[in-house]
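Beneath this line is the structure, given in structure tokens, with notes to follow.
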Amino acid sequence: MIPTPDTDIRPDVEARAALEAIIMVTDEPADPRLLAQLVEIAPERVDALCEDLAAEYASEGRGFELVKVAGGWRFQSRAEMSPYVERFVLSGQSARLSSAALETLAIVAYKQPISRAQVASIRGVNVDGVMRTLQQRGYIAELARDPGPGQAVLFGTTSAFLEKLGLNGLDELPALGEFVPSPEVVEALENGLRFDAMEDVDMSAAPADIDVDIDVDIEIILEDSEEFVVDLRTSSISLDALDVLADDE
Amino acid sequence: MIPTPDTDIRPDVEARAALEAIIMVTDEPADPRLLAQLVEIAPERVDALCEDLAAEYASEGRGFELVKVAGGWRFQSRAEMSPYVERFVLSGQSARLSSAALETLAIVAYKQPISRAQVASIRGVNVDGVMRTLQQRGYIAELARDPGPGQAVLFGTTSAFLEKLGLNGLDELPALGEFVPSPEVVEALENGLRFDAMEDVDMSAAPADIDVDIDVDIEIILEDSEEFVVDLRTSSISLDALDVLADDE
Amino acid sequence: SQCYGIRMAVAVQTPVFEGPFDLLLHLILQEQVELYEVSLTTIIDAFLIEIERMDHLDLEVTTEFLLIAATLVELKARRLLPGLDDGDLDDELALWDERDLLLARLLEAKTFKDAATVLARLAASAAHRVARRVGPDERYVDLTPDALEGISAEQLRRAFIRATTPKEIPRIDLYHVAPVRASVLDAMAELIAELPGAGKVTFRDLTAALVEKLEIVVRFLAVLELYKQGQIELDQPARFGDIEICWIGSEQEASAELVDAYEG
């Protein structure tokens with residue numbers, strides 16, 4: 001039973017048992033290359049043997065499974081058994097992700113490496129808090145710095161993110177193309193933003209005395225860098241007028 | 001096969017898989033009584049099924065075994081495979097401290113002096129084994145005893161711990177910064193009260209036949225401090241009041 | 001010109017929208033309305049609320065809000081007052097550009113919103129499988145006498161944060177496997193063992209070692225029961241002050257009989 005140093009002549013039976021023994025004591029997914037080194041077999045054989053084992057456990061109806069997650073092999077409880085496993089208070093189960101966190105994660109996952117400002121621009125909101133939380137939980141990490149001026153920190157997803165989603169790699173994420181809005185949605189949005197004249201508009205609803213030459217200038221003044229004042233200064237329309245306009249609907 | 005009690009109708013196949021699933025993910029040997037509760041079968045059947053499983057793994061030549069240690073069931077690598085496991089441990093790729101142990105150590109480090117029960121309450125699991133290991137390794141030690149009648153042992157980190165981390169004192173631990181633990185954790189730390197699962201505890205678990213007409217009129221209120229405060233001289237107590245109390249957490 | 005402090009006006013209930021795109025997508029897609037029908041004040045209010053909600057002002061994002069608001073104002077005004085174009089082609093084209101840009105960004109936001117729902121599904125499905133994270137057992141402890149080797153203080157800090165971050169709320173009712181099963185009977189038995197000969201004890205002391213609030217409540221009920229049975233004397237000198245407990249029953253009697261009395 002003492003391991004012999006010759007490479008890859010180890011019989012399947014022993015290699016399989018050795019893999020089971022090692023993976024049983026790893027507390028994160030075991031890299032096939034490391035396993036290959038330890039068991040002295042080729043990395044491809046590690047994967048093949050683990051796949052065999054996984055199939056065996058499944059056919060035997062075991063309560064656990066062997067899966068490849070975040071690039072490594074690990075034991076985990078089988079999904080069907082979750083009612084039993086969940087009865088038991090587990091540590092390390094992190095809170096469910098908010099929709100803000102999920103959207104931010106989706107952007108980072110598909111667009112990495114990406115800066116905080118770029119994420120904010122896509123989401124249209126400040127993402128500092130969400131990004132900080134995701135970083136603390138270990139789902140995203142600083143990957144690099146933008147070589148350009150400003151040297152913004154660029155973020156990417158981590159293996160903890162892959163584990164959270166039960167993925168082996170980012171390539172298992174559905175292609176972004178699958179999420180491109182359907183023609184119906186595009187049409188709905190286009191309609192929503194239509195500004196050409198509508199024939200059926202009842203013009204009597206519009207206040208008669210509003211100057212239509214609208215020209216909204218926006219001026220933002222930061223006073224004392226604390227007080228935030230917005231001046232919606234317009235040549236011929238004021239906020240009051242807008243209210244009138246809106247109220248008239 | 002042991003005689004099956006009336007309530008014990010879960011088929012073997014499912015009970016076995018459930019046991020495998022739970023034991024696979026626990027980091028302490030799983031008490032047969034707890035397993036019996038989780039799987040809803042008799043404790044003796046837990047032992048019988050686990051013994052069956054253990055025999056199966058042995059006959060299949062698995063690299064792991066199911067053994068009863070310290071009164072509980074756990075998976076571990078089979079002794080014959082230990083040369084491989086040793087290689088793994090020595091490879092430096094294995095986490096020297098399991099994440100459970102590291103989290104426990106971190107809680108003791110940041111919140112000392114702290115009782116075992118408080119640590120367990122924060123981690124949401126039994127920490128006896130982990131605490132014992134940390135103590136054996138000389139990273140934590142008994143500091144004092146809680147002056148109350150329970151006289152809980154209070155733990156803290158040792159100078160060996162500081163030395164290993166290259167710190168001169170506890171004040172050199174990295175600041176927790178803006179991080180704010182969940183309110184439940186804050187409460188657990190401040191009051192030594194356990195937080196998890198409380199909201200699921202049906203107050204009917206407390207005997208329902210409590211005599212409300214006790215001679216003393218009392219009032220239980222939750223002050224801002226969340227402290228359990230009782231005034232014997234005023235008002236009255238009802239189980240509803242207790243429910244409110246439980247709900248308030 | 002008028003100045004509007006952002007802090008004014010915004011006491012409306014915060015909507016669930018995550019920013020201007022979220023809001024617009026909701027208005028246009030979910031509500032199936034056209035901008036024409038949407039009250040402009042609603043939009044502006046929502047935008048102001050969003051700005052108000054920001055922890056600290058991010059000039060870039062705030063500007064974003066305002067630019068989008070301005071575009072919307074223009075689009076809307078055009079549609080409310082059709083046929084009044086003064087024929088300035090440049091203005092017209094600029095507005096088209098603005099609109100196209102806004103549309104493109106809405107589509108992008110929508111794309112990631114949909115991607116996020118898939119991530120949520122994946123995460124939910126992964127949550128049904130729990131990873132084994134156990135590590136080598138005690139047989140291998142001696143191989144690595146220094147288990148802290150390579151562990152930095154920073155890793156320790158992160159472990160602490162991990163351990164104290166809010167846990168997922170279990171979806172399944174835990175009551176029948178509740179880790180704590182406090183019974184008044186057990187608590188009475190404990191008190192009967194502890195109190196005789198202990199002199200005057202405060203309730204605070206009696207419960208200092210307890211972790212569960214439920215245990216404290218149950219112990220309190222046990223104290224009341226013993227009081228009712230005449231085994232202890234209670235005193236509370238100050239309102240909401242410490243309750244003092246003193247055993248007055250006979251020590252011989254301190255036995256299962258009392259517990260039986262409770263049951264009966």
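Bear in mind that the values here come from a model prediction, so they are computed numbers and not experimental data. The chains referred to below are lettered A, B, ... by the order of the sequence lines, with proteins before strands, and numbering in each begins at 1. Worth knowing before you read on, the calculation uses all heavy atoms, side chains too, and leaves out hydrogens, waters and symmetry mates.
- Judged by distance alone, the side chain of C/Arg132 and the main-chain N or O of B/Phe75 form a donor-acceptor pair under 3.5 Å.
- Of all the heavy atoms in B/Phe161 and C/Leu156, the pair that sits closest is CZ-CD2, 3.6 Å.
- Of the residues considered (B/Thr133, B/Leu167, B/Val85), B/Val85 shows the highest number of contacts with chain C, using heavy-atom pairs under 4.5 Å.
- Summarising the geometry of B/Val89 relative to C/Pro136, their closest heavy-atom pair is CG2-CG, 3.7 Å, with the distance given to 0.1 Å.
- No part of B/Thr104 comes within reach of chain C, as not one of its non-hydrogen atoms sits under 4.5 angstrom from that chain.
- With a 4.5 angstrom heavy-atom cutoff, B/Ile23 touches chain C only via backbone atoms.
- Annotation: the span from C/Gln155 atom CD to B/Leu165 atom CG amounts to 9.5 Å, rounded to 0.5 Å.
- Both the backbone and the side chain of B/Ala79 come within contact range of chain C, with heavy atoms under 4.5 Å apart.
- Residue C/Ala198: no heavy atom, backbone or side chain, is found under 4.5 Å from chain B.
- For a residue to count as touching a neighbouring chain, one of its non-hydrogen atoms must lie under 4.5 Å from one of that chain's; by this rule C/Arg139 touches chain B with the side chain only.
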For this session: Applying side-chain contact (heavy atoms from CB on, under 4.5 Å), run through C/Asp137 and B/Arg74 and close with a yes or a no.
Result: CA-CA 10 Å; C/Asp137 57 67; B/Arg74 80 167 182 209; 3.5 Å; yes
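- Only the side chain of B/Leu173 has a heavy atom closer than 4.5 Å to any heavy atom of chain C.
- No donor-acceptor pair closer than 3.5 Å links the side chain of C/Arg157 to the backbone N or O of B/Ala106.
- Other residues, nucleotides and ligands contribute only 12 or fewer heavy atoms inside 6.0 Å of the CD atom of B/Glu163.
- Note that CG of B/Leu102 and CD1 of C/Ile151 are 4.5 Å apart. Values are rounded to the nearest 0.5 Å.
- In this structure, the side chains of B/Glu103 and C/Phe160 stay at 4.5 Å or more apart for every pair of heavy atoms.
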